[in-house]
Amino acid sequence: MSAKPDFERISDDGGTLRFTGDMSLRLLGDLPNRLDNVAGAVSRIDLSGVERIDTVGAWIVHRFAERHDARVEGLDTNDQQLFDQVVESSEPVKMREDRGGSFQRLLEEIGEAVSVTLSTLYGLLGFLGATTLAFGALIRNPRRFRFNAVVQQFNNVGVASLGIIGLMSFLIGIVIAQQGAVQLRQFGAEVFTINLVGRLTLREMGVLMTAIMVAGRSGSAFAAQIGTQKLTEEIDAMRTIGVSPMEALVVPRTMAAILLMPLLGFYASIIALVGGGLLTYLTLGIPPVTFIQRIREVVPITDLYVGLIKAPVFGAIIAVAGCFQGMQVEANAEQVGLRTTSAVVQAIFLVIVLDAFFAVFFTWLGWN
C-alpha cells in the first residue's frame, strides 16, 4: 500500500525540502494546505523519495517551487517529462498577438492583400501559359483532341445559358431605354434614346454583362467541378494513367468559352435592342421600323466589331480563372466553396479591367 505524501526539511541544509510517499490525487489530502504554511526560505526541492506523482501532484510542487523560487530535483526520466509538461502548460498563453496600433495593422493588411494579389496573378499567368502549351500540344497531335468534351461544354456554357442571358439582356435594354428617355426628355431629345440603346448595348453592355453572367454561372461551375475532381484525386489518377488534366479538363472548357462568348454577346446585344425598342415604342411612340432604321443610321459597324473582339478574350479569362482556382483546391471540401467564390470574383474583376483597357485602346484607334 502506497504511503501518503509528506515532506520534511533536511537538517544539514535548511533550504532543502524533501518529499516522500505517493503524490497522486487520491492521497494528497491536506498536503497543499500544509505547503502553504511552510515558513522560511526554500531553495531546493528533492523528489527522489517520491514513489509516484501525477499531474495534480506535479502542479502542486511546481506552484510551491515557483512561489519560493526553488529548483526541483530527484525525478526519474518519465516523471521528469510529466513535470516538464505541467510546467509548460502552466505558462500564460497569449491568445492574440499584439499587432501594434490601428495604422500599423492597416499597413499589414494592405501589404498582405497586395502580396496575395501578386502571387495569385503570378499563378494565373503561369496557368495561362500552361493552357497555351496544352493547346499547342493538341495542335501537334490532333488525335488527342477531345471533341465530345468540347461539345458537352458547348451545352454547359452556351445552350444552357441562353435563357438567363436573354432575360437579363432584355431587362437591361429596357432599363437603358427608360433611363435615357427620362434624362433626354428634359432637352426634348427623346429620339436620341435609340442612339444610346444601340451604341451602349452593341459596344459595351451586351458583351460585358454576358461575360459577368458567364463568369458567375460557368466560371463557378468550372472551379467547382475541377476542385471536386482534385479533392477526390481523380486528377492524380489521370496523371497516373498518362492523361494530361490540362488537355482533358482545361482545354475543352477554355475552347468552349472562347468560341461561344462572341455568339452569346451578339445574342445578348440583339435581345437588349429588342427590350429597348419595345420600351421606346410603348413610352415614346417610336414604331419598331423607325427604331431599326435609326439603329442602322447611328450605330457604326465598328461598335459590333468592338464587342466581337472583346468577347473571346473575356471568355478565355473566365475559363482560365475558373480552371486555375479549381486546380488550387486542397485539403478539404471547404476549399471548393472558397475557390469557387475566388474564381467568380477574379474573373469579373479581370473582365472589367480588360474592358477598361479595351475602351482606351479602341478610342486610340479611332473606333469611337
Side-chain angles (χ1 to χ4, degrees), residues 1-120 123 227 230-233 236 328-339 342:
M1 183 176 180
S2 300
K4 290 184 178 182
D6 201 355
F7 60 89
E8 60 178 348
R9 284 188 180 271
I10 303 299
S11 56
D12 297 338
D13 182 4
T16 299
L17 206 65
R18 186 172 185 273
F19 285 80
T20 57
D22 185 348
M23 296 192 62
S24 57
L25 177 61
R26 63 186 182 89
L27 296 176
L28 286 177
D30 61 346
L31 180 66
N33 295 329
R34 289 192 289 137
L35 285 174
D36 290 339
N37 296 325
V38 171
V42 177
S43 59
R44 177 174 173 269
I45 298 176
D46 181 11
L47 299 179
S48 58
V50 173
E51 302 174 7
R52 182 175 178 272
I53 188 171
D54 60 7
T55 54
V56 177
W59 182 79
I60 291 174
V61 172
H62 166 65
R63 187 184 64 173
F64 180 81
E66 191 175 45
R67 190 165 60 243
H68 289 267
D69 195 20
R71 65 180 186 276
V72 179
E73 301 174 353
L75 290 173
D76 59 25
T77 303
N78 292 334
D79 289 341
Q80 186 63 48
Q81 290 179 353
L82 172 65
F83 186 82
D84 292 340
Q85 291 177 0
V86 171
V87 172
E88 182 178 353
S89 63
S90 66
E91 294 295 328
V93 178
K94 200 170 188 178
M95 300 301 295
R96 180 177 297 177
E97 61 175 326
D98 185 9
R99 300 179 60 187
S102 57
F103 182 72
Q104 180 181 349
R105 292 198 301 270
L106 176 62
L107 292 179
E108 290 177 357
E109 291 175 2
I110 293 175
E112 184 178 354
V114 171
S115 176
V116 171
T117 300
L118 292 178
S119 62
T120 302
K230 183 78 179 294
L231 201 62
T232 56
E233 300 182 352
D236 294 334
Q328 303 305 305
V329 171
E330 295 177 355
N332 52 52
E334 184 182 3
Q335 283 282 309
V336 177
L338 295 176
R339 292 295 179 177
S342 298

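This chain uses plain numbering: 1 for the first residue, then up along the sequence. Basis for what follows: all heavy atoms, side chains included, without hydrogens, waters or symmetry-related copies.
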Can you name the residues that form a side chain to side chain donor-acceptor pair (under 3.5 Å) with S48, not counting sequence neighbours?
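Side chain to side chain donor-acceptor pair (under 3.5 Å) list for S48, sorted by chain: D46.
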
Nearest heavy atoms of G49 and R18, plus distance in Å:
CA-NH2, 3.9 Å

S115 backbone acceptor or donor facing S119 side chain under 3.5 Å:
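The answer is yes, because a donor-acceptor pair under 3.5 Å joins these two groups.
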
Run the numbers on R67 and D36 for salt bridge (charged side-chain N to carboxylate O under 4.0 Å, His left out), then give the verdict.
CA-CA 10 Å; R67 190 165 60 243; D36 290 339; 3.3 Å; yes

Interatomic distance, [X] atom [atom1] to [Y] atom [atom2] [nearest 0.5 angstrom]:
X: Q104; Y: E108; atom1: CD; atom2: CD; value: 5.0 Å
X: I53; Y: D79; atom1: CD1; atom2: CG; value: 6.5 Å
X: T20; Y: K4; atom1: OG1; atom2: NZ; value: 13.0 Å
X: H62; Y: I45; atom1: NE2; atom2: CD1; value: 10.5 Å
X: D54; Y: I60; atom1: CG; atom2: CD1; value: 8.5 Å
X: L27; Y: R52; atom1: CG; atom2: CZ; value: 8.5 Å

Hey, is CG on D30 packed in by over 12 heavy atoms from elsewhere, all under 6.0 Å?
yes

Just say parallel, tilted or perpendicular for the rings of F19 and F7, cut-offs at 30° and 60°.
tilted

R44 pairs by side chain to side chain contact (heavy atoms under 4.5 Å, CB included) with which of V72, T16, L17?
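Of the listed residues V72, T16, L17, the side chain to side chain contact (heavy atoms under 4.5 Å, CB included) partner of R44 is T16.
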
Result of checking K230, Q335, R339 against Q328 for side chain to side chain contact (heavy atoms under 4.5 Å, CB included):
R339

Check: P5 and V50 side chains under 4.5 Å, non-hydrogen atoms
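When only atoms from C-beta onward are counted, P5 and V50 do not touch, as no gap falls below 4.5 Å.
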
With Q80, which of D84, T77, N78, D76 fulfils side chain to side chain donor-acceptor pair (under 3.5 Å)?
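Of the listed residues D84, T77, N78, D76, the side chain to side chain donor-acceptor pair (under 3.5 Å) partner of Q80 is D84.
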
